[in-house]
Amino acid sequence: MGKLFGTSGVRGVVGEQITPELMMDLGLALATHLGNSGSVVVGKDPRTSSDMLESCLISGLLSGGCDVKRLGIAPTPVVGFAVRRLGAEAGLMITASHNPPEYNGIKFWDSSGLAYTPQLEDKIERIYFSKQVKRVSWDRIGEVGTVEVLKSYIDEIAAAVRLKREYKVVIDCGNGAGSLISPRLLRKLGCKVTTLNSHPDGFFPGRGLEPSPENLRELCSVVKSVGADLGIAHDGDADRVVAVDEQGRVAQADKLLALMAAHQVGRGRGIVVTTVDASSVIDDCVRKRRGKVVRTRVGDVSVAAAIKKHRAVFGGEPSGAWIFPDVHLVPDGPLGAVKILELLGSSGKKLSELLDALPEYPTVREKVACPNERKAGTMKKFEARLKEFPDVAKVLRVDGIRLEFKDGWVLVRPSGTEPYIRVTAEGKNSARAREITEKAVGVLKRVMWS
Ligand code: MG
């Protein structure tokens with residue numbers, strides 16, 4: 001059986017992996033899985049291929065007997081919100097997130113607004129490849145209607161927060177789906193908003209969709225020149241948030257995640273969830289608030305599932321995919337932006353002051369070439385040699401192997417897509433980070449061909 005789903009739904013280049021036929025078949029496979037009834041919410045980002053793919057997806061769903069509630073262009077978090085608000089059986093988002101404009105894809109949510117787990121994705125895949133699909137007769141074909149939920153989403157989030165004062169914010173939505181939400185939401189909360197690239201445009205003329213420092217130079221300089229308190233950027237489907245401090249510097253992702261985790265724990269001793277590749281600065285910040293950090297596999301699907309399991313107060317990845325379970329279990333960029341302002345208000349400090357007060361832990365990233373068929377064996381042999389790391393305080397096996405030391409950690413993890421085993425290490429200083437990395441790489445190379 002082939003493989004359709006990756007770490008974030010089905011994704012690829014339009015006309016190659018992502019075709020109208022694929023969308024039609026996936027719509028019908030989902031309808032079959034849902035028992036040929038119920039309603040499905042469909043949203044899309046503004047890519048030039050989104051209308052074409054949406055039409056086919058909807059046809060597939062209708063032919064399988066599901067009703068369709070079309071949201072039109074909407075950020076990913078709004079799809080998750082709409083599934084619950086409208087009592088739908090599932091939600092579908094047509095997006096390729098931060099990938100370039102020639103890409104597109106699709107992501108699935110269940111009726112509780114939780115992203116499809118790998119098990120559920122496998123079910124859809126099995127139906128798709130086995131062609132065990134079921135169409136309905138002419139009198140049971142589904143109905144399609146357009147629903148407007150952007151306003152209720154904005155109202156619900158705005159009602160959940162109170163900002164301490166009027167903030168000046170610059171927002172760069174990268175011409176993605178966030179353009180329809182974040183500027184309106186922040187204005188509703190009383191902010192003075194300057195927008196960049198905040199009209200949806202499937203050619204994404206403003207900047208690269210990945211909210212990386214190279215792509216955010218304009219945002220950084222506008223934040224400084226207008227004297228804003230904060231700059232905000234999203235990826236194409238706005239399930240991620242990246243911040244720029246008032247000095248025009250892109251906030252280091254791990255530090256911002258740590259600040260938010262501590263803010264959400266507050267005085268409540270709660271649990272926060274993050275991934276095995278996140279810096280230990282989050283442990284420092286959360287421990288100070290007597291909270292606890294739980295680490296999961298990489299990917300927002302794993303983070304959401306762990307939040308639910310541990311009843312966590314917050315979960316996030318260093319990429320800026322943050323989940324606030326008191327609102328919903330979907331990574332939410334606009335909500336993240338609002339929460340950063342709330343955090344600034346409760347601290348009474350500038351973002352630069354909060355970030356600069358945190359320790360700087362150097363990171364080293366290496367990759368060791370390893371043929372795909374040797375990855376599993378090499379990881380087993382590596383695990384058998386853990387006694388070569390006598391100073392290990394804790395071993396985590398949720399995604400690859402993560403060894404934690406008193407003064408650093410190393411993550412050894414096979415790449416899902418390339419013939420490499422990746423080694424990421426962090427130390428209290430760069431010499432220690434390098435030392436841990438070299439040790440792990442040395443053991444890996446020794447066991448790989450033994
Ligand atoms: Mg995204």
Side-chain angles (χ1 to χ4, degrees), residues 5-14 18 41-47 49-50 53 71 73-83 91-109 113-116 121 153 171-182 197-198 200-202 204 206-213 215-216 219 232-243 250 253 256-257 260 274-275 277-278 297-304 315-324 327-337 339 416-417:
F5 289 86
T7 43
S8 202
V10 182
R11 207 178 282 179
V13 173
V14 175
I18 304 296
V41 167
V42 175
K44 63 184 170 190
D45 75 11
R47 287 166 196 272
S49 58
S50 288
L53 298 173
L71 302 184
I73 294 176
T76 290
V78 173
V79 173
F81 168 83
V83 170
L92 296 172
M93 175 71 182
I94 299 168
T95 182
S97 189
H98 59 275
N99 287 119
E102 65 272 25
Y103 282 74
N104 215 330
I106 183 168
K107 225 177 144 168
F108 290 60
W109 276 270
L114 191 64
Y116 263 33
E121 291 178 340
Y153 168 85
I171 304 180
D172 180 346
C173 296
N175 302 109
S179 309
L180 300 178
I181 294 283
S182 290
N197 311 317
S198 290
D201 184 329
F204 305 116
R207 63 161 164 89
L209 281 180
E210 174 72 34
S212 57
N215 286 333
L216 299 182
L219 174 62
I232 288 293
H234 298 306
D235 61 338
D237 61 328
D239 62 348
R240 286 162 57 189
V241 62
V242 168
V250 176
L256 192 65
L257 175 68
M260 187 51 69
T274 192
T275 46
D277 58 341
R297 294 177 71 84
V298 173
D300 62 76
V301 179
S302 308
V303 173
E317 294 191 89
S319 65
W322 292 355
I323 299 174
F324 299 90
V327 178
H328 56 183
L329 288 169
V330 189
D332 191 325
L335 176 57
K339 286 282 186 177
T417 49

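First listed ligand is number 1; within each ligand, the first listed atom is number 1. What you see is a predicted model, and the numbers here were worked out from it, not measured in a lab. Position 1 is the first residue of the sequence; numbering continues from there.
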Describe, in one word, how the ring planes of Phe81 and Tyr153 are oriented to each other, choosing from parallel (under 30°), tilted (30 to 60°) and perpendicular (over 60°). perpendicular
Close side-chain approach of Val241 and Met260, heavy atoms under 4.5 Å: no
Can you tell if the side chain of Phe204 reaches within under 4.5 Å of the side chain of Pro46, non-hydrogen atoms only? yes
Quick check for you: within a radius under 2.8 Å, how many protein N, O or S atoms neighbour the Mg ion (ligand 1)? 4
With side chain to side chain donor-acceptor pair (under 3.5 Å) as the criterion, how do Arg207 and Asn197 come out once you've worked through the C-alpha distance, each side chain's angles and the decisive distance to 0.1 Å? CA-CA 8 Å; Arg207 63 161 164 89; Asn197 311 317; over 6 Å; no
Centroid separation Phe5 to Tyr116 less than 6.0 Å: no
Decide yes or no for His98 and Ser319: does some side-chain heavy atom of the first lie under 4.5 Å from some side-chain heavy atom of the second? no
